[in-house]
Structure formats: C-alpha cells, structure tokens
Amino acid sequence: MTQDVKESFGGPAGSLAAKVRTLAPSMTRSMQRVAEAVAADPAGCAALTVTGLAELTGTSEATVVRTARLLGYPGYRDLRLALAGLAAQQQSGRAPAITTDIAVDDPIADVVTKLAYEEQQTLADTAAGLDTAQLDAAVTALASARRTDVYGIGASGLVAQDLTQKLLRIGLIAHAHSDPHLAVTNAVQLRSGDVAIAITHSGSTGDVIEPLRTAFEHGATTVAVTGRPDSAVTQYADLVLTTSTSRETELRPAAMSSRTSQLLVVDCLFVGVAQRTYETAAPALAASYEALAHRHRSASR
C-alpha cells in the first residue's frame, strides 16, 4: 500500500463513510452508487475488479475510476487496497459494530447509545475533515477584527449566538443576526478589517447567503461554516470551514448532527482567538465571571 493511501485511509473506520457523505452532493447519481457501495461493504468491494464493481453498481468502469479519484485515491487499484485495509481493521474488532439507525420502538437505553456514538462520530469526522490552514486564517481575521457579524437561521442561528457570546466574553465586538433584513442592513456597514461569518449546514440558505454576499462586496473577510463545500454560500466566502454531513433519518433531522459539528468549529475558532488575544482575553473572561458570581452564590443558598 502506498504512503498516500495509508495516510488518507488510516483514520477511524467511519472516515470513508464520512467522506462519502461530504462529497455526495458534488457527485453524479451513478458516482454516488459507487461511493455508497464501497462505504457500506468495504470487504466485498475490495474483492471486486473495476469491472465487477461497475456491474454491481450498474455503472461504468470510467465512473468507478472517477469516483475513486474524487474520494482521494490516484485510481481504483489504490482505493481497492485501502478497502482491503479497512476490511481487515473491521475484522480485528477495532471498528464499531453499532448502527446509528433509531427505530420508533427502540428502548431509551439504545437511543442513548446510538445517539452518543453518532455524536462522537460526527465530531471525529468534522475534526478529520477540517482544513486547519483555513481555520488558522479565520482565527487570525477574528482576532484583529474591528467587529464580527455572524449569520444563521434556525438551528444554525443558535450556533451563531453561541459564537458571538463567546467572543463578547473576551472583549471583542460581535453580533449574531437571525433576522435576514437586519443582517443585510448591518452587512452594508462592514468593510475591510471586519469579519462576517455565515453558518449554514446546507450552504443554500438564502437568508444567510445574502448578507454574506453583501459583506463580501463591501470588503469584509468572509467565512462560511457549512457541510457543503461546493454550495452557493462558498461563492462569497474567503474562507470555508467544512462540517461533517451526517445521514439524515426520519427520527433524527440533519439539524441535530449538523449543530454538533458546527459547535465544534465554533469552539475551535473561540479557543484560537483566545490564544491570540490572551493578554486581553484572560482579564475579560475573569471580569465576566466576577460579574456573574453573585448570581451563582445567590442560587446556591
């Protein structure tokens, strides 16, 4: 196995499935069938030639090769070797055997176990796929920003509020906008030296894209936190931070898992900024704790 293949497939057993989920929107339907097949049954697919996999998925040999390359392998031979390695890992007992599907009649103990595993996998997938160079650039921009505006709707709006509250506690000027009209009118005021962050799992939420586009056009540094790196929101983003795209089910909407991965990115941004601004951030945090201390003491009496 080549060093490149070892590095790209050396992570957790779920890393290939995570990659498939992330890249699926940019694939044709025939490529999706190939990707889903290798993620679902690495051992079985590792035993197939390129022709065999094409026949299994009802596609062509060219489609199989294109899919392998999109997944990060030089060709089908390299993907096949990687699948054999994953199959061996699974057989050794190191790969989790739990399923994340939750049925209507599942006992609550099973629900807890399945959700805990899914959350853990979502965080691992996000960490593995996060571009640290882009993250570092976003931290640099935030640490020196005159002001930061964050846009998010629905579940993503809660994440936007979480980020701004964190930034405010270390003495930075930040605003979260869930009202699309207010978001745009504020974005008009941004300029070079400011930062605008759009949080959208789908990457296609118009109420988030519009203010980011406005901020982009006015010279602000723009950041997109999204599960779709090829989506519309990234057209107006100087920096893109990709979150894990978990499979949506009837009982577990995408908003639940996407929020978990978004919160991880937010925490990474906050800790990075706190590191860069430690001399001012530490006193600001201490002051905020002190300002609330009497409330905690009163509640404990």
Side-chain angles (χ1 to χ4, degrees), residues 1-101 117-118 121-122 124-134 201-204 226-232 234 240 242-249 254 257 261:
M1 190 181 298
T2 66
Q3 185 63 28
D4 287 343
V5 171
K6 287 180 181 178
E7 290 178 354
S8 60
F9 209 78
S15 61
L16 177 59
K19 187 179 291 187
V20 169
R21 290 194 297 266
T22 299
L23 296 175
S26 62
M27 296 179 180
T28 63
R29 182 62 195 122
S30 57
M31 292 175 71
Q32 288 177 12
R33 289 202 299 273
V34 174
E36 290 166 359
V38 299
D41 185 14
C45 292
L48 298 174
T49 63
V50 63
T51 302
L53 184 55
E55 291 177 351
L56 175 69
T57 56
T59 60
S60 65
E61 293 180 8
T63 297
V64 172
V65 173
R66 285 197 299 271
T67 305
R69 289 175 178 168
L70 185 60
L71 290 174
Y73 303 95
Y76 179 65
R77 176 180 176 276
D78 300 283
L79 173 59
R80 191 177 177 187
L81 288 171
L83 291 173
L86 177 57
Q89 182 187 42
Q90 290 176 327
Q91 290 171 3
S92 71
R94 286 178 290 158
I98 190 171
T99 175
T100 57
D101 291 330
Y117 169 73
E118 179 68 14
Q121 191 61 54
T122 296
D125 292 348
T126 299
L130 199 56
D131 187 326
T132 53
Q134 297 269 300
H201 175 66
S202 68
S204 59
T226 180
R228 312 292 186 186
D230 58 344
S231 59
T234 62
V240 178
T242 305
T243 57
S244 172
T245 307
S246 297
R247 182 166 54 88
E248 183 173 0
T249 64
S257 57
S261 54

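Atom set for the values below is all heavy atoms of this structure, side chains included, hydrogens, waters and symmetry mates excluded.
Taking every heavy atom of both residues into account, C45 and A37 meet most closely at SG-O, 3.5 Å. Residues P42 and L83 share a closest heavy-atom pair of O-CB, 3.6 Å. Nearest heavy atoms, A84 versus A46: N-CB, 3.7 Å. Of all non-hydrogen atoms in E61 and A54, the two that sit nearest each other are N-CB, 3.7 Å. When all heavy atoms are compared, the tightest approach of S231 to G203 is OG-CA, 3.2 Å. Residues L56 and L48 share a closest heavy-atom pair of CD2-CD1, 3.7 Å.
Under a 3.5 Å cut-off, the side chain of T234 and the backbone N or O of D230 do not form any donor-acceptor pair. Checking side-chain atoms of T226 against main-chain N and O of P229 turns up no donor-acceptor pair under 3.5 Å. Put simply, the side chain of R33 never gets that close to the backbone of T59: no donor and acceptor are under 3.5 Å apart. Counting only distance, with no hydrogens or angles, the side chain of T126 and the backbone of S244 share a donor-acceptor pair below 3.5 Å.
Distance check: S60 OG to E55 CD gives 11.5 Å after rounding to the nearest 0.5 Å. With values rounded to the nearest 0.5 angstrom, Y73 atom OH is found 9.0 Å from D78 atom CG.
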Q: Could you walk me through whether V64 and R80 pass the side-chain contact (heavy atoms from CB on, under 4.5 Å) test, one step at a time?
A: CA-CA 11 Å; V64 172; R80 191 177 177 187; over 6 Å; no
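For the side-chain contact (heavy atoms from CB on, under 4.5 Å) with S261, the qualifying choice from L130, T242, T122, D125 is T122, the only one to do so.
For T63 and R66, the side-chain atoms include at least one donor-acceptor pair closer than 3.5 Å.
Side chains of V34 and L53 form a contact here, defined as non-hydrogen atoms less than 4.5 Å apart. With contacts defined as side-chain heavy-atom distances shorter than 4.5 Å, the pair R69/V65 qualifies.
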